[in-house]
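Here's the structure we're looking at; comments come further down.
For this chain, numbers begin at 1 and follow the sequence in order. Source: prediction; values computed, not measured.
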Amino acid sequence: MFTDADAAALYDLLNPWDPTRHPSDAFFNELVMAADAVLDVGCGTGSMLHQARELGHRGRLVGLDPDLAALDRARRRTDIEWVAGVAADAAWDREFDLATMASNAFQCLVSDEELSTSLAAIRRALRDGGRFVFDTRNPRVHAWEEWNPSNATEVVDGAGRTLRVAHHVESLVGGVVTFTETTSADDGAVLRVDRASLRFLDVPTLGMFLNEAGFEVEAHYGGWRHEPVSDASRSIVTIARRV
Ligand SMILES: C[S@@+](CC[C@H](N)C(=O)[O-])C[C@H]1O[C@@H](n2cnc3c(N)ncnc32)[C@H](O)[C@@H]1O
């Protein structure tokens with residue numbers, strides 16, 4: 001038995017929010033701490049906003065995510081607003097000075113229509129001049145080529161079970177990678193298989209979607225210390241401003 005709640009706990013075990021180890025987490029922390037009102041789209045288990053409160057953020061913090069089990073973990077902190085829904089459901093009107101999609105959550109927006117409706121909703125939620133900041137994996141690096149069972153991860157969960165998490169790419173069509181994530185017990189028994197699709201967009205296409213939705217791109221970085229984007233950059237970090 002491996003429940004949605006177990007999967008959400010496993011996500012946190014494999015992806016702890018830790019700015020001392022991950023420059024991406026330090027990058028987002030700095031932006032969040034400097035903003036008065038923050039909307040975290042695709043907030044997952046809420047680690048980024050949890051940490052903002054722990055670091056003393058006193059303003060408004062709102063997390064939005066369609067994954068109810070992840071949101072249940074997020075709700076362990078009650079001094080943050082947690083809302084169930086996808087990005088396109090964001091119904092706020094000029095309430096935030098920062099919107100984020102951290103840890104490549106933006107890549108969950110797969111179709112052109114989902115991208116456009118999500119960006120329109122995020123723009124509407126921002127105050128004039130508000131910023132939308134997100135990271136995406138650089139399509140030129142072909143990260144999906146590493147997503148195979150020979151790169152499986154082993155981890156001991158909170159109940160003391162050794163778990164193996166392995167990825168397998170099913171297809172790559174038009175920049176959309178569809179893959180499975182299989183969680184197994186140490187005797188090889190399959191506990192859970194999740195399937196997901198992620199879209200990989202290059203810098204010009206990101207800019208096109210953002211401009212069409214009423215954003216101006218302030219910067220694309222190829223790393224967390226404001227490096228320029230190159231063909232070898234694993235991430236594209238985008239800062240866009242509502243115009
Ligand atoms: C890789 S996780 C990142 C979670 C969190 N931002 C973090 O840094 O740990 C991607 C998240 O995006 C959420 N997601 C998937 N589709 C979405 C959509 N259309 N709108 C908003 N969030 C979405 C998933 O439920 C998941 O929690």
What is the minimum heavy-atom distance between [X] and [Y], and which atoms define it?
X      : Y      : value
Val133 : Leu98  : CG2-CD1, 3.8 Å
Ala84  : Leu71  : CA-CD1, 3.5 Å
Arg225 : Glu227 : N-OE1, 2.9 Å
Ala105 : Gly42  : CB-O, 4.1 Å
Leu201 : Ile236 : O-CD1, 3.9 Å
Ala90  : Arg124 : O-NH1, 3.6 Å

**OP:** Apply side-chain hydrogen bond (donor to acceptor under 3.5 Å, both in side chains) to Glu216 and Asn211, showing your working.
**Re:** CA-CA 6 Å; Glu216 173 184 275; Asn211 291 154; over 6 Å; no
Same cluster or not: are [X] and [Y] linked, directly or through other Ile, Leu, Val, Met, Phe, Trp or Tyr residues, by side-chain heavy atoms under 4.5 angstrom apart?
X      : Y      : value
Trp224 : Val32  : yes
Met101 : Leu31  : no
Val41  : Val217 : yes

Original post:
Going by the angle between their ring planes, with limits at 30° and 60°, are Phe27 and His226 parallel, tilted or perpendicular?
Top reply: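 Rings of Phe27 and His226: perpendicular, over 60°.
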**OP:** Give the ring-plane orientation class for Trp82 versus His50, where under 30° counts as parallel, over 60° as perpendicular and anything between as tilted.
**Re:**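 Aromatic pair Trp82/His50 classed perpendicular.
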Subject >> Heavy-atom donor-acceptor pair, Asp25 side chain to His22 backbone, under 3.5 Å >> reply: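 A pair under 3.5 Å: no.
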**OP:** Answer yes if the side chains of Asp12 and Thr45 hold a donor-acceptor pair under 3.5 Å, and no otherwise.
**Re:**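 Judged by distance alone, the side chains do pair up.
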**OP:** Ignoring hydrogens and angles, state whether a donor on the side chain of Thr238 or His220 is under 3.5 Å from an acceptor on the partner side chain.
**Re:**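 Checked: Thr238/His220 side chains pair up, N/O donor to acceptor below 3.5 Å.
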**OP:** State which residues pass side-chain hydrogen bond (donor to acceptor under 3.5 Å, both in side chains) with Glu81; sequence neighbours excluded, sorted by chain then number.
**Re:**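 Glu81 satisfies side-chain hydrogen bond (donor to acceptor under 3.5 Å, both in side chains) with Arg60 once adjacent residues are dropped.
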Original post:
Which residues satisfy the side-chain hydrogen bond (donor to acceptor under 3.5 Å, both in side chains) test with Glu145, sequence neighbours excluded?
Top reply: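 Partners of Glu145 under the side-chain hydrogen bond (donor to acceptor under 3.5 Å, both in side chains) test: His142.
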Electrostatic pair [X]-[Y], nearest N-O below 4.0 angstrom:
X      : Y      : answer
Glu181 : Arg195 : no
Asp67  : Arg73  : no
Arg131 : Asp97  : no

Original post:
Does CZ belonging to Arg75 count more than 12 external heavy atoms closer than 6.0 Å?
Top reply: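 Yes.
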**OP:** Answer yes or no: are there more than 12 heavy-atom neighbours, outside Arg140 itself, under 6.0 Å from its atom CZ?
**Re:**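 Open: at most 12 neighbouring heavy atoms sit under 6.0 Å from CZ of Arg140.
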**OP:** Answer yes or no: is there a side-chain heavy-atom contact under 4.5 Å between Arg53 and Arg77?
**Re:**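 Yes, close enough: below the 4.5 Å cut-off.
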Subject >> Note, Val165 side chain near Leu14 side chain (heavy atom, < 4.5 Å) >> reply: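 The answer is yes, as the side chains (C-beta and beyond) meet within the 4.5 Å cut-off.
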**OP:** Please test Ser235 against Asp135 for side-chain hydrogen bond (donor to acceptor under 3.5 Å, both in side chains), starting from the C-alpha separation and ending with a verdict.
**Re:** CA-CA 6 Å; Ser235 291; Asp135 55 332; 5.0 Å; no
